[in-house]
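Let me begin by presenting the structure, written as structure tokens, before commenting on it.
When a residue number appears, it is its place in the shown sequence, counting from 1. These numbers were taken from a predicted model, which means no experiment stands behind them.
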Amino acid sequence: MLGGLLTRRVVYPTTALVLTALIAYDYFYHIPWFIYVLVVLTWFLITLCGSFFVRWNFHLTSISSNKNMDKNWVSITFDDGPEPSFTPIMLDLLKKYEAKATFFCIANKVEKHPDIVRRIIAEGHTVGNHTYSHSRSFGFYGVTEVEQELQKAKDTIKEISGLTMNMYRPAFGVTNPSIEKVVKKLKVVSIGWNVRSLDTTPRTENMVLKRITSKVKKGDVILLHDTSDKSVAVLERLLVFLQQKNLQSVPVDQLLGIKAYVQD
């Protein structure tokens, strides 16, 4: 996969080497200015894509699937909750179809709806860190602000549940050097996905469902959101589909063989 090869540690020194070689060559032979522009533009586009596509592992490594899974397991994950209008319904559906999932929660919503989070954990699902505020400008935060976001979310969940989260889902799927430094400092595991439903886009319920079911296989991590009626409808149909295909949804930590919670 191209993204897996284009890490920051490869792209940055390679770009510097290319520019140095061009400057040296230009000393003896004229090089058109647009060649320099092309190199810089290529560097910028790769960096931009690497920052927004979590599966590229450009800035930091996020675990997005378990390709060595020998059991018929997948993992349904939810971002951006808890939402009182939707999360409880999704929990009812998961219980009905005997499925388990992982909820990456926004901590300021957790503060407003702690009972939903307690229910998530009590029913055998796991909870992960999805920042405190999920600010639209999160990708532009410096190290200090990123650390405050993740630490405050971590503290909020611990106060409510007594559990210290070990899993982090990048907000908007965005990564950058600041986030990389904080993930390493807090020693959390970054979790991505390899089946993106796009359920928050204008796509119809049928389109979202087809996008998932056309590609899902054992070892996959599915991204949904517990934030809309459409996602609720997709979830129920997806759970039926998984049963028909003899696939079982388990918490993402179980699928990936990692710890959902750690001791401080």
Side-chain angles (χ1 to χ4, degrees), residues 1-67 77 79-80 104 130-131 134-147 149-150 167-186 188-203 207-208 211-212 214-217 219-223 225 256:
M1 181 179 176
L2 178 63
L5 300 174
L6 297 177
T7 66
R8 189 183 77 221
R9 292 173 180 81
V10 172
V11 171
Y12 287 7
T14 300
T15 303
L17 183 62
V18 170
L19 286 173
T20 300
L22 286 173
I23 292 170
Y25 189 83
D26 195 34
Y27 183 80
F28 299 100
Y29 306 97
H30 175 67
I31 295 177
W33 63 268
F34 66 84
I35 298 296
Y36 291 99
V37 173
L38 181 62
V39 171
V40 173
L41 182 61
T42 299
W43 168 84
F44 176 77
L45 290 175
I46 291 174
T47 299
L48 184 66
C49 291
S51 298
F52 280 90
F53 296 125
V54 69
R55 290 181 61 196
W56 277 33
N57 290 333
F58 188 80
H59 294 289
L60 60 89
T61 298
S62 297
I63 310 176
S64 300
S65 66
N66 185 349
K67 295 180 180 179
T77 64
D79 283 8
D80 296 359
F104 289 95
H130 201 42
T131 75
H134 202 274
S135 169
R136 291 188 178 277
S137 58
F138 182 76
F140 300 98
Y141 282 3
V143 172
T144 300
E145 293 172 304
V146 171
E147 184 174 355
E149 280 280 320
L150 269 63
M167 300 184 296
Y168 164 65
R169 166 68 59 76
F172 308 106
V174 171
T175 60
N176 58 38
S178 294
I179 295 171
E180 177 195 27
K181 290 177 181 177
V182 175
V183 165
K184 287 182 177 179
K185 181 177 180 180
L186 297 183
V188 293
V189 181
S190 182
I191 306 296
W193 59 80
N194 68 328
V195 179
R196 187 173 190 174
S197 66
L198 297 178
D199 56 336
T200 58
T201 69
R203 287 171 171 79
M207 292 170 66
V208 172
R211 179 178 173 85
I212 302 171
S214 64
K215 64 178 71 174
V216 69
K217 58 187 182 301
D220 286 350
V221 177
I222 303 166
L223 171 62
H225 297 78
L256 302 178

Determine, step by step, whether Val146 and Phe138 satisfy the side-chain contact (heavy atoms from CB on, under 4.5 Å) criterion, reporting the C-alpha distance in whole Å, the side-chain angles of both residues, the deciding distance to 0.1 Å, and the verdict. CA-CA 7 Å; Val146 171; Phe138 182 76; 4.0 Å; yes
Return the CG to NE2 distance between Leu150 and His130, rounded to the nearest 0.5 Å. 10.5 Å
side-chain contact (heavy atoms from CB on, under 4.5 Å) between Ile179 and Tyr168: does it pass, once the steps are laid out? CA-CA 11 Å; Ile179 295 171; Tyr168 164 65; 4.0 Å; yes
Testing Val195, Leu198, Thr201 for side chain to side chain contact (heavy atoms under 4.5 Å, CB included) with Arg211, which one passes? Leu198
Is there a side-chain contact (heavy atoms from CB on, under 4.5 Å) between Trp56 and Thr175? Walk through the geometry before answering. CA-CA 10 Å; Trp56 277 33; Thr175 60; over 6 Å; no
Minimum heavy-atom separation for Ser197 and Ile212, please, with both atom names. CB-CD1, 3.6 Å
When rounded to the nearest 0.5 angstrom, what distance separates OG in Ser65 from CD1 in Ile222? 12.0 Å
Roughly how far, to the nearest 0.5 Å, is the CD1 atom of Ile191 from the CG atom of Asp79? 11.5 Å
Go through the structure and list residues passing ring pair (Phe, Tyr, Trp, His ring centres under 6.0 Å) with His225, not counting sequence neighbours. none
Side-chain (Thr61) to main-chain (Asn57) donor-acceptor, under 3.5 angstrom: no
Between the main-chain N or O of Thr144 and the side-chain N or O of Glu147, is there a donor-acceptor pair closer than 3.5 Å? no
Determine whether Thr77 and Phe104 satisfy the following criterion, side-chain contact (heavy atoms from CB on, under 4.5 Å), listing intermediate values before the conclusion. CA-CA 7 Å; Thr77 64; Phe104 289 95; 4.1 Å; yes
Asn194 side chain to Val221 backbone, donor-acceptor under 3.5 Å: yes
Donor-acceptor contact present, side-chain Arg169 to main-chain Ser190, <3.5 Å: no
Closest approach of Tyr141 and Glu145, non-hydrogen atoms and distance? CA-OE1, 3.5 Å
Can you establish whether the number of heavy atoms outside Lys215 located under 6.0 Å from its atom NZ is more than 12? yes
According to ring pair (Phe, Tyr, Trp, His ring centres under 6.0 Å), who are the partners of Phe172, at least two apart in sequence or on a separate chain? His134
Looking only at side-chain N and O atoms, does Ser62 offer a donor or acceptor that is under 3.5 Å from a partner on Ser64? no
Has Asn176 got a side-chain atom pairing as donor or acceptor with Gly139's backbone, closer than 3.5 angstrom? yes
Which atom of His59 lies closest to which atom of Thr47, heavy atoms considered: NE2-O, 4.4 Å
